[in-house]
Peer 1: 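Before we start, here is the structure in question, set down as structure tokens.
From a predicted model like this one, the values you see are computed outputs, not experimental measurements. Letters go in sequence order (proteins before strands), and every chain restarts at 1.
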Protein chains: 2
Amino acid sequence: MHRSIKGGKVAQKVKLSTIAESLGLSTATISLALRDSPLVAADTREKIKEQARTLGYIYNRRAASLRTSRSGIIGVVVHDIMNPFYGEILKAIESELDRSRHTFILSNHYDSVDKQRNFIETLLQLGGDGVIMSPAIGTPVEDIRLAEDNGMPAILIARQMEGLDVPTYRGDDSYGISLATNHLIGLGHRTIAMIGGTDQTSTGRDRYQGYVNALRKAGIEVDPELRIPGPRTKQGGFEAAVHFLSLPQKPTAAVCWNDLVAIGLMNGIARAGLVPGRDISVTGYDDLEEASIATPSLTTVWNGQAEVGRLAARALLDKLAGSHEPDGIHLIKPEMRIRQSTGPIHIR
Amino acid sequence: MHRSIKGGKVAQKVKLSTIAESLGLSTATISLALRDSPLVAADTREKIKEQARTLGYIYNRRAASLRTSRSGIIGVVVHDIMNPFYGEILKAIESELDRSRHTFILSNHYDSVDKQRNFIETLLQLGGDGVIMSPAIGTPVEDIRLAEDNGMPAILIARQMEGLDVPTYRGDDSYGISLATNHLIGLGHRTIAMIGGTDQTSTGRDRYQGYVNALRKAGIEVDPELRIPGPRTKQGGFEAAVHFLSLPQKPTAAVCWNDLVAIGLMNGIARAGLVPGRDISVTGYDDLEEASIATPSLTTVWNGQAEVGRLAARALLDKLAGSHEPDGIHLIKPEMRIRQSTGPIHIR
DNA sequence: CTGAAAGCGCTTACAG
DNA sequence: CTGAAAGCGCTTACAG
């Protein structure tokens, strides 16, 4: 096809046969040479590559992929790539896939099962080799099966799903949140609120359970009123401050769903004239890059985002290479990071 | 091809001919029916769609695209998708492309020209229909031409390039930063530092110019020592606080490169025991969602990220639809957002 | 070491 | 309203 380009230039589509004709060779030889096959003599290969470069040849992956049924495309779908928690996971996936020359296609599902299914279907249409996903709330098992049954293996991150033996990489949420809760108990806090998260995800249930377990173990009664579910963002944490500060139980500390909620909550607390870290102790979760530069710097739980991303990408690549990765859940062990946002109990 | 799937199930590849044979029709009819062609009788069409569903047919876009030379793929490449400034642009692009059933492929270039060229080449190999990009520092004109000459139109966002008449959408940086600078001058500030940014981008040069112009207009001498170039992130702003606070000129205010730098700087100032918004006035740039919940809430300049994204996506879609979009630079007019991080001059 | 030919799964004139 | 046939640009046995 000829296309007239602005400026009067005409781009002529260069394909294997263009190179073949210009060199008096067959397309088979060109194809092999460009992919560094040892079947082609070294000097022929060099001549071919040189010619491809001068002609401005562009490899047509659609045509190749139609033939080989491999596309080199890997899909990644998470709740929201703008959330730095996922951002840090994605960065790790990106650097792992980069060195294997895969192209990765990213999408947000915003916890819409429809949007997620749509993405899976698009990926299948493009011949995607595999998909890494943090499943949307309410994802039916069939949606994952759709991918797997069509030869596109799936790896789960951050959230798990029941009734499915797909490799899953995530932090040990129950254990992690108990670290934060125990840290506060150790500082003398007894009235500890839990801010954010939802029972609709495995992560949400696990974290609440970890909080409850830690309190019980310390002999502290669990007061459901001290739980403020919902917030998952800075904005959410900021808005929850009003509710938190008006609780009649007067909590002296807050275990937050994640760092974003914690930072938002601290901003809200400061706006009300109290000093986070002194008047109210606050813990985060994830240890985002931002946690250490917040004011006050945030005591939080390292959740291994980079590990999750790296391992998930590795697992997928291994699977595509034919090795049989163990299915099931792989837990990353969280670690406590103690900073300035928590301190000894301080009666208001 | 038959693939044996875990669990003993065997997935049979369903294609147009599978449906055609099962219904005693030709593939041409199936193809037309699935794309809602009026050439196919309504009841035949319904029967075909029904059958496609029950057989679990998956449309092979690679094959279709090979034939039509349209892929429905649009590439987007920016410095860093984890930066909320780009995140807000991407969100707008996403929602604009979504409703036109395009797939978009995202990538970071981290200001590496090589990584960016790599992405453009991959996109060409996949038959991308177009690309929206915020060009990496040092992008040669040929890299954009490579895309255009191969029939893949490019739209630039946030940064512009010389010697190229490609549609470009960005904020009016020089004007915007002068708004912030004038605001501080109006509050009585005379020693105003500028923190962050780089002369290597058009944006960086424009913003510095806007700052210089505003000072000159007010008859204030421009002191190059008051410029601390470099920082573009929260971390960067946080670290710059030390340098800023030790300037012998003792600036009473800081015009920051963006909201991230401003928030980081405020954290650093607070860490040093000073109160941002009272002891030191700080302005941001972009008006990220976060600006209004920072402590103190951030005085900043609305930079129209959502507008930039929406317009760029629209321009590309229009171009793909054949309409001739005007090339050249389209400036979004910034607006001042006054909050709590700035106030009357306060002598330290 | 190189070439001729089939085929991946679609769409699109063209016939009827 | 439906079908037969060519062709998009590759790769892969198979021959030589």
Peer 1: Figure out the CZ/C1' separation between Arg62(B) and dG7(D), and round it to whole Å.
Peer 2: 18 Å
Peer 1: My understanding is that only residues two or more places apart in sequence, or in another chain, count here; which of them pass ring-ring contact (aromatic ring centres under 6.0 Å, His included) with His102(B)?
Peer 2: none
Peer 1: The criterion is ring-ring contact (aromatic ring centres under 6.0 Å, His included); which residues satisfy it with Tyr169(B), sequence neighbours excluded?
Peer 2: His330(B)
Peer 1: Looking only at side-chain atoms of Leu66(B), point me to the closest of dG9(C), dT12(C), dC8(C).
Peer 2: dG9(C)
Peer 1: Between atom CD1 in Ile19(A) and atom C1' in dG9(D), what is the gap in whole Å?
Peer 2: 12 Å
Peer 1: Taking only Watson-Crick and G-U wobble pairs with both distances under 3.5 Å, what dot-bracket line describes DNA chain D, where [ ] shows pairs that cross earlier ones and | shows pairs with another strand?
Peer 2: |||.||||||||.|||
Peer 1: Does Glu88(A) have any salt bridge (Lys or Arg N to Asp or Glu O under 4.0 Å) partners at least two apart in sequence or in another chain, and if so, which?
Peer 2: none
Peer 1: For Arg61(A) and dC8(D), what is the distance between atoms CZ and C1' respectively, to the nearest whole Å?
Peer 2: 18 Å
Peer 1: Within this structure, what is the OH-to-C1' distance between Tyr59(B) and dC8(C), rounded to whole angstrom?
Peer 2: 15 Å
Peer 1: Give the minimum heavy-atom separation between Gly130(B) and Leu123(B), together with the two atoms involved.
Peer 2: O-CD2, 4.2 Å
Peer 1: Can you check the Arg67(A) CZ to dA5(C) P distance for me, whole Å?
Peer 2: 16 Å
Peer 1: Nearest whole Å is fine: how far is dG7(C) P from Lys15(B) NZ?
Peer 2: 11 Å
Peer 1: With sequence neighbours excluded, give me every salt bridge (Lys or Arg N to Asp or Glu O under 4.0 Å) pair touching residues 110-128 of chain A.
Peer 2: Asp111(A)-Arg159(A), Asp111(A)-Arg232(A), Asp114(A)-Arg117(A), Lys115(A)-Glu94(B), Lys115(A)-Asp98(B), Arg117(A)-Asp143(A)
Peer 1: Test Tyr57(B) against every option in Thr18(B), Leu16(B), Ile48(B), Ile30(B) by the side-chain contact (heavy atoms from CB on, under 4.5 Å) rule and name the one that passes.
Peer 2: Leu16(B)
Peer 1: Under a 4.0 Å threshold between the charged nitrogen and the carboxylate oxygen, would Lys319(A) count as salt-bridged to Asp129(A)?
Peer 2: no
Peer 1: Verify whether one side chain among Arg35(A) and Ser31(A) offers a donor that lies under 3.5 Å from an acceptor in the other.
Peer 2: yes
Peer 1: Under the salt bridge (Lys or Arg N to Asp or Glu O under 4.0 Å) criterion, do Glu50(A) and Arg53(A) qualify, and how do the steps go?
Peer 2: CA-CA 5 Å; Glu50(A) 177 59 28; Arg53(A) 225 171 294 129; 3.1 Å; yes
Peer 1: Might you list the N or O atoms of the protein lying below 3.5 Å from N or O atoms in nucleotides 1-3 of chain D, with each pair's distance?
Peer 2:
{"residue": "dT2(D)", "atom": "OP1", "partner": "Thr44(B)", "partner atom": "OG1", "Å": "3.1"}
{"residue": "dT2(D)", "atom": "OP2", "partner": "Ala41(B)", "partner atom": "N", "Å": "3.2"}
{"residue": "dG3(D)", "atom": "OP2", "partner": "Ser26(B)", "partner atom": "N", "Å": "2.8"}
{"residue": "dG3(D)", "atom": "OP2", "partner": "Ser26(B)", "partner atom": "OG", "Å": "3.3"}
{"residue": "dG3(D)", "atom": "OP2", "partner": "Thr29(B)", "partner atom": "OG1", "Å": "2.9"}

Peer 1: How many whole angstroms separate atom CD1 of Ile58(A) from atom P of dG9(D)?
Peer 2: 13 Å
Peer 1: Round to a whole Å and report the spacing from CD1 of Ile30(B) to C1' of dA4(D).
Peer 2: 15 Å
Peer 1: Does a side-chain N or O of Arg35(A) approach OP1 or OP2 of dT12(D) to a distance below 4.0 Å, or not?
Peer 2: yes
Peer 1: Can you figure out which of dC10(D), dT12(C), dT12(D) approaches the side chain of Thr68(A) most closely?
Peer 2: dT12(D)
